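Have a look at the structure below, then the notes.
Here the structure is a predicted model, which is why all the values come from computation and not from measurement.
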Amino acid sequence: MKHSQIFHTTRLRLAGLYAGTMGVILTICAVGFYEAMAHSHFSELNHRIETVAGTLHDGLEASLQEPSKLEPVVQKFVPTLCIAGTDCSSNSTALHYLGVFQENGYYIRFLSLSGQLLASGGQVPTDLPAQIETELWQTLEAPDGTRYRQLSLLLKTANQDSWGYMQVGRSLSELDGHMVWVRLSLLIGLPSAMLLVVVASWWLAGQAMQPVYRSYRQMQQFTADAAHELRTPLAAIQANLESTLTTDASDADAWDTLRTVERQNSRLSRLVHDLLLLSRMDLQGLPTKQNACNLNDLVNDLVEEFSALALASNISLTADIQTNTSITVFGSEEQLYRSVANLITNAIQYIPSGGKVTVHLKQEDHHALIQVQDTGIGIPHKEQARIFDRFYRVNSDRSRHTGGAGLGLAIAQAIVQAHQGTIQVQSELSKGSVFSIRLPLRSNFKMA
C-alpha cells in the first residue's frame, strides 16, 4: 500500500480527518473540564462565604442600636476584630468564627454608611480599598495582583435603620494557583494526547485501508488475468483469419480455420459465462431459484455422467454414499451440481493413468459433507491457500492444455458460500487431495 500514491494520499486524508475530529473533541472536552472545575470551585467558595456572612448578618442585626457604632456584642461574635485606629499587631490574623475562618485567606470588614472603615479582622490586605459596593458580590484585585472574592451586606439596627456595611471575603490566590496548575496540565496534556491521537489515527487509517487495498489489488489482478485469458483465444482467431485471408487457401484450409475459430470462440464463451456467473454471485448471491435438493441423487448422477471421461483416462470413479437415508439441502440443484462437477473434473485431469477418484457423501452433525478424494499428484502446501483464487493455476501448462482458465475452483467456492456452506482442501504431494464441501441440512438453512 505504501507504493500506491492514491492510497497513501487517501490514508493521509483519512488520518487527518480522524486526528482533526479527535482534536476538536479533546479541545472542547478540555475547555469544558476547565470551565466546570473553575465554576465548581468558585461556587463552593461563594457558598462558604455566603454561609458565614449570612449567619453573622442575622446574629448582629438584633444587637445593633446606633448607626456606625460597634456594640460590644460584635467583638463577641468576632473575638479577633480590630477597631480602626488602634494597634492590632498583637492580634491573630485568623478568624475563629464558625470554624471556617480558621483557614487562611479570610477577612471581615465593617464600614459606615459613608464608607469609612470601622473595624476589620482576619487577613485583610492593607492595600485593598475599603469602599461601598452596590453589588453583593465583587472580585477585587490588589496592586500586587492578588485577587479577592468579597460579599457586601447592608446591616440594619434593631429599629430597622441602616447601620452600615459588612464585607466578608477571601483571597483567591489558592484557587488561582490551583487553576494555573490545571491550565498547565491541560496545556501539556492536550498536545501530548493529540500526538498520540495523530499516531493512532495514522495506524487506524492504515488498518481501515487494508481491506480496500486488498480488494483493489484483487480487482487489478482479476482485470489483468481476465485480459490475458481473453487475449489468447482472440490472438489465435486473429492469426488464423489473417493466414487464411492473406494466402490462396484451399477449401480444406478454410474449413480448418473455421474449426479453429469455432473452438476458440467456444473457449471465449465459456470464459465470459463463468465471469458473468461470478460477477452475479458477487452482487446478488445465488442467482437461481432455490429448492430442496437431494444430494444422494446428485452424487449418483455426477458419477454416472463422468464415468465415460474417467474411463477414457483409465481412472476409476466411484461413489461412496455412507447413509441409508436421503440427505437434503436447500438450494439450487443446478449450481450445486456444477460445484461438485468442477471438483470431479479437476480430480480426473490431475490424476495419472490408473488413479482413483471417490466421491463420498455422509451426514455430520447438522451438515451434509461431500468429499471428492483422488490419488493424484497432490497440491504443494504453500499453494493450497490460493487455489480458490480466480485465474490461479498450480500447473499452468496442464491447465492450458485442458482448456482451463483457473475459474473452476473459484466458481465452486462461490456456489458453496452462496449456500451458506464451506469448502476446504487437504492435500499431500504424490498422495492425492481431498476437497470437502460442507452444507447445512435443509432444516438448518437460513433464508437470506
Not counting sequence neighbours, list each pair that qualifies as a ring pair (Phe, Tyr, Trp, His ring centres under 6.0 Å) and has a residue in residues 167-198.
->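 Checked against ring pair (Phe, Tyr, Trp, His ring centres under 6.0 Å) - neighbours excluded - the pairs reaching residues 167-198 are His41-His178.
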Heavy atoms, side chains only, cut-off 4.5 Å: are [X] and [Y] in contact?
{"X": "Tyr165", "Y": "Leu113", "answer": "yes"}
{"X": "Val329", "Y": "Pro440", "answer": "no"}
{"X": "Val434", "Y": "Gln373", "answer": "yes"}
{"X": "Leu336", "Y": "Leu298", "answer": "yes"}
{"X": "Leu409", "Y": "Asn342", "answer": "no"}
{"X": "Thr325", "Y": "Asn296", "answer": "no"}

Using 0.5 Å steps for rounding, measure from the [atom1] atom of [X] to the [atom2] atom of [Y].
{"X": "Gln150", "Y": "Leu172", "atom1": "CD", "atom2": "CG", "answer": "11.0 Å"}
{"X": "Ser201", "Y": "Leu196", "atom1": "OG", "atom2": "CG", "answer": "10.5 Å"}
{"X": "Thr345", "Y": "Leu309", "atom1": "OG1", "atom2": "CG", "answer": "7.0 Å"}
{"X": "Tyr106", "Y": "Ser171", "atom1": "OH", "atom2": "OG", "answer": "10.5 Å"}
{"X": "Leu190", "Y": "Tyr34", "atom1": "CG", "atom2": "OH", "answer": "14.5 Å"}
{"X": "Arg147", "Y": "Glu141", "atom1": "CZ", "atom2": "CD", "answer": "7.5 Å"}

Checking the side chain of [X] only, and the main-chain atoms of [Y] only, is there a donor and an acceptor separated by less than 3.5 Å?
{"X": "Thr21", "Y": "Leu17", "result": "yes"}
{"X": "Ser40", "Y": "Ala36", "result": "no"}
{"X": "Asn291", "Y": "Glu333", "result": "no"}

Would you check if there is a donor-acceptor pair between the side chains of Ser152 and Gln138 at a distance under 3.5 Å?
->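 Per modelled atom types, Gln138 and Ser152 side chains form a pair under 3.5 Å.
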Member of Gln371, Gln420, Glu364 meeting the side chain to side chain donor-acceptor pair (under 3.5 Å) criterion with Arg438 =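 Answer to the side chain to side chain donor-acceptor pair (under 3.5 Å) test with Arg438 among Gln371, Gln420, Glu364: Glu364.
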Does atom [atom1] of [X] have more than 12 heavy-atom neighbours from other groups under 6.0 Å away?
{"X": "Gln424", "atom1": "CD", "value": "no"}
{"X": "Gln322", "atom1": "CD", "value": "yes"}
{"X": "Asp144", "atom1": "CG", "value": "yes"}
{"X": "Glu428", "atom1": "CD", "value": "no"}
{"X": "Ile6", "atom1": "CD1", "value": "no"}
{"X": "Arg13", "atom1": "CZ", "value": "no"}

Ser114 and Ser112: side-chain hydrogen bond (donor to acceptor under 3.5 Å, both in side chains), yes or no, with the steps?
-> CA-CA 5 Å; Ser114 61; Ser112 64; 2.9 Å; yes
Any chance you could lay out the side chain to side chain contact (heavy atoms under 4.5 Å, CB included) test for Ile370 and Leu343, step after step, and finish with the verdict?
-> CA-CA 11 Å; Ile370 302 175; Leu343 299 182; over 6 Å; no
Take Asn346 and Phe435 through the side chain to side chain contact (heavy atoms under 4.5 Å, CB included) test and state the conclusion after the steps.
-> CA-CA 10 Å; Asn346 276 1; Phe435 284 85; 5.9 Å; no
Test side chain to side chain contact (heavy atoms under 4.5 Å, CB included) on Ile415 and His419 and set out the steps.
-> CA-CA 6 Å; Ile415 292 173; His419 286 79; 3.9 Å; yes
[X] to [Y] - nearest heavy-atom pair and separation:
{"X": "Trp163", "Y": "Leu111", "value": "CZ3-O, 4.2 Å"}
{"X": "Asp365", "Y": "Leu441", "value": "O-CD1, 4.5 Å"}
{"X": "His57", "Y": "Leu154", "value": "NE2-O, 3.1 Å"}
{"X": "Ser120", "Y": "Arg109", "value": "CB-CG, 4.0 Å"}
{"X": "Ala53", "Y": "Val168", "value": "CB-CG2, 3.9 Å"}
{"X": "Arg11", "Y": "Trp203", "value": "NH2-CA, 4.2 Å"}

Could you go step by step and tell me if Asp374 and Tyr350 meet the side chain to side chain contact (heavy atoms under 4.5 Å, CB included) rule?
-> CA-CA 9 Å; Asp374 64 61; Tyr350 286 90; over 6 Å; no
Should Tyr107 and Gln167 be marked as a side-chain hydrogen bond (donor to acceptor under 3.5 Å, both in side chains) after you check the CA-CA gap, both sets of side-chain angles, and the distance that decides it?
-> CA-CA 8 Å; Tyr107 68 86; Gln167 296 179 334; 5.9 Å; no
Pair Gln5-Thr9, side-chain hydrogen bond (donor to acceptor under 3.5 Å, both in side chains): steps then yes or no | CA-CA 6 Å; Gln5 182 62 34; Thr9 303; 3.2 Å; yes
